[in-house]
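Bear in mind the structure is a predicted one, so any value in this text is a computation, not a measurement. Numbers here are sequence positions counted from 1.
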Amino acid sequence: METLTAVVQDTTFRNEENGYTVIRVTVGRTVQTVVGIMPELSPGENVTFEGGWTEHPSYGKQFSAQKCAITPPTGKSAIEKYLGSGLIRGIGPATAKLIVKAFGEKALDILDEHPEKLCDISGIGKKRAEMIIESYTLQMGMRRVMVFLQNYGMSPNLAMKVAKYYGENTIELVRENPYRMVMDIEGVGFLTADRIALSMGMDPQSEFRIRAALFYLLNEAANGAGHTYLPRELLVSRAAATLHAEAEVVEQQISQALLQKMIIGFSLPDCDNALCLPAFYMAESEIALRLTRLMNARPYKRVSGLAKSIAAYEKQEQVRFSATQKKAISSAVEEGVLVITGGPGTGKTTIIRCILSLLKEDNDILLCAPTGRAAKRMSEATGEEAKTIHRLLEYGGDSGVFARSEDYPLECDCLIVDEMSMVDVTLMRGLMRAVLPGTRVILVGDADQLPSVGAGNVLKDVLQSDVVPSIRLTDIFRQDESSMIVLNAHKINHGEMPIFKTRDTDFFFERKTLQSEAAQAICQLLQKRLPKYLGFPKDQWRAEATRCIQVLSPAKKGDCGSLMLNQLLQNTLNPERDGLDSLVHGETEFRVGDKVIQTKNDYQIEFTRHTSFGEETGTGVFNGDVGYIQRVDPAEHVMTVCFDDDRFVVYQKQQLDALDLAYCLTVHKSQGSEFPVVVMPVVGGPPMLMARNLLYTALTRARRLVVLVGREEVVRQMVENDHVAKRYTTLAQRLIAASELTG
């Protein structure tokens, strides 16, 4: 490996997402180009790079750096350039000139050892000197940490996160045990920590290493596949494969982790030796206990005159409820907890409206749903305000805590939660903590849809336990009987092929053989055929198509995956043109007007919402929230997004990592949402994805029209593939145990 010692001149290019940088440096009297992943460098800094020379076909000779070591600049001009580069808060070019004039080549030594002498310089007051000292100390400490971590291949963003978490002790703590990062910091995976630890010479049989792998695998099982526990033999085999270790070594560390309660072990009827992280064990246990208390706090009470009230509502609203629907309404009024489940068109929303009508005169009622889109849809359907669960519980930003809990409960007599299939155990526990005993709780959702993205299988487990009163709606509500979307969704759910018609229907099939043909057909549908069919104004077809038509794909990859379709649809619906502001972040170009989706929870980001009572402020944008880019500032690398519930969020450069284009979403990402029109490619894919419940979920997202593009045999394969990936969860068993204990 070669070394190159140089002075930084300027930065030609920098990708903040992965730290890849192209800089110009001077080596003696020559100017050279250095490329590679490195911390942000300032003009005037002396840097020693390790790597090798390469020949780029377009840009010529370059030094490809794998590591870098930064040393302070020497010489008055270099020090002045360095101090005035904007690196240190409070020092601009003019102040840098004053400092160098006063202290000469010892300026940096003064800042390091006697920073109080800054006050001796005319023009620098005490407050400004304190600002400079604080910024300089922070920058130097952070720089050392960043270089240390990035020399081990950690990305700049992640290195910054680690440095902020551990503070001034970062290097010492990481050297002592790199694996602690896996358990302490979200985003640091086992492989990253393992690479650092092994390069430091840590023993591959170290207990730190094995326990970090166990924690990582259990956490990945929860976040990636929804499991709240794993059978011991499965965890052992996964850990042994990850660590390239013997099963006996893993078993020993599992036993130690159990003794130290880092892992919880228990038995189930279908698993003698289950292992899970304490957080998920406690979450499912607490949900079961609190649901049982809610049921017992309000035992079944028959309400006199209820049948007459339901009949009066039918007459007033000109609807007729089936016997099952009437039972659901009466149970909602008389039970402490009720689950209402059913497919599209079975009258769930109509039932909620009737329940609200019967209860709202004498009861305070709160409505909520897991996502902003679902809450907005609930508000539109009922005419009452509905909030996201996070907003209802007053999420506490970076503290990661709901303000609403048993000490500050929700003030209501009845709580109605929609789209329960999306609610994971962490969110459900937070909700149950905030509900006072005696409150009616009505849980509404479609148990046949895909389960929550997060850990657990709350709705299905509650139904499977047969402990919580529940009503399953099966009859199609009368006004939806003519809908082919509703009819086909139910046919698919029963394992039958949908009916494909070409005229006078809300369900179309476009036959295409190749994936590339299907992708082009989808673009043509959104560009010409559907805007014309749906009657969009000619001068607004792009905006209307973006907002009203949602493309859903089973997968991310491939010609018809969400990644490729997003690029094609962006260029179709919002092409690059003069006067359209845009910025490139990572591999994505964002343009004003683009539809985007938040891909992870950000509890700290601030938003403003304009209401009839004035401007409301708050924090938090959550995984799955969809919005539209309102403004882009390419110079500052900043953009403003308006989300569906009228939250305006200004994204700074480092926050843009959490945004993706949303012209095409995966079906999983579409849960809880509803769109006027859904277009979906059906061109094949992994059997685990191409399943009946995924196709059913996609269809039930559409209100007005569905267009499938692809091959009929793929639809048949999906309908016949009734495989539902097993989730290892315990809520059903815990509900049964809790009811037996209190019964």
Side-chain angles (χ1 to χ4, degrees), residues 2-14 19 21-51 61-63 65 67-148 150-151 156 159-160 163 168 171 635:
E2 298 179 73
T3 61
L4 178 71
T5 300
V7 178
V8 177
Q9 292 299 305
D10 54 47
T11 300
T12 304
F13 170 80
R14 180 169 175 80
T21 308
V22 179
I23 60 172
R24 291 196 312 157
V25 301
T26 55
V27 183
R29 295 184 177 181
T30 65
V31 177
Q32 305 289 352
T33 299
V34 179
V35 301
I37 295 174
M38 62 188 76
E40 194 166 359
L41 301 172
S42 295
E45 289 189 288
N46 295 303
V47 187
T48 298
F49 300 98
E50 292 185 30
K61 189 178 181 182
Q62 298 177 337
F63 190 86
K67 293 182 180 180
C68 67
I70 305 167
T71 55
T74 57
K76 291 182 181 180
S77 61
I79 293 171
E80 184 180 320
K81 188 175 183 181
Y82 168 70
L83 289 176
S85 66
L87 180 73
I88 303 162
R89 189 167 168 239
I91 301 181
T95 306
K97 188 180 288 293
L98 288 175
I99 293 172
V100 173
K101 184 178 179 181
F103 303 128
E105 294 188 7
K106 294 184 178 180
L108 297 181
D109 294 332
I110 296 293
L111 285 172
D112 280 328
E113 299 168 15
H114 302 288
E116 69 279 358
K117 290 187 177 182
L118 285 172
C119 295
D120 297 339
I121 301 174
S122 177
I124 299 180
K126 185 178 179 181
K127 285 188 177 180
R128 191 173 185 192
E130 288 175 351
M131 180 198 301
I132 292 170
I133 293 165
E134 182 183 356
S135 177
Y136 181 79
T137 303
L138 181 65
Q139 285 290 346
M140 292 306 100
M142 187 68 73
R143 180 64 61 85
R144 283 190 289 270
V145 170
M146 293 285 285
V147 171
F148 170 75
Q150 288 182 75
N151 278 340
M160 183 70 72
E168 60 186 16
I171 295 175

**Asked** Residues in side chain to side chain contact (heavy atoms under 4.5 Å, CB included) with Glu2, at least two apart?
**Response** Trp53, Phe63
**Asked** Considering residues at least two apart in sequence or located in another chain, which fulfil the side-chain hydrogen bond (donor to acceptor under 3.5 Å, both in side chains) criterion with Thr5?
**Response** Thr48
**Pairing residues for Lys76 by the salt bridge (charged side-chain N to carboxylate O under 4.0 Å, His left out) criterion, not counting sequence neighbours** = none
**Complete:** With sequence neighbours left out, the residues meeting side-chain hydrogen bond (donor to acceptor under 3.5 Å, both in side chains) with Thr33 are none
**Asked** By side chain to side chain contact (heavy atoms under 4.5 Å, CB included), which residues pair with Gln9, not counting sequence neighbours?
**Response** Val7, Arg24, Thr26, Lys81
**Request:** To the nearest 0.5 angstrom, please state how far the CG atom of Leu41 sits from the OG1 atom of Thr21.
**Result:** 7.0 Å
**Complete:** Closest non-hydrogen atoms of Val35 and Gln62, given as atom of the first, atom of the second and distance, are CG1-OE1, 3.7 Å
**Message:** Show me the pairs that pass side-chain hydrogen bond (donor to acceptor under 3.5 Å, both in side chains) and involve residues 98-108, at least two apart or across chains.
**Reply:** none
Exercise answer: donor-acceptor pairs, residues 120-129 side-chain atoms, under 3.5 Å, sequence neighbours excluded:
from: Arg128; atom 1: NE; to: Gly90; atom 2: O; distance (Å): 3.2
from: Arg128; atom 1: NH2; to: Gly90; atom 2: O; distance (Å): 3.2
from: Arg128; atom 1: NH2; to: Thr95; atom 2: OG1; distance (Å): 2.6

**Partner residues of Thr30 under the side chain to side chain contact (heavy atoms under 4.5 Å, CB included) criterion, sequence neighbours left out** = Val27, Gln32
**Prompt:** Distance from Leu118 atom CG to Ile110 atom CD1, nearest 0.5 Å?
**Reply:** 8.5 Å
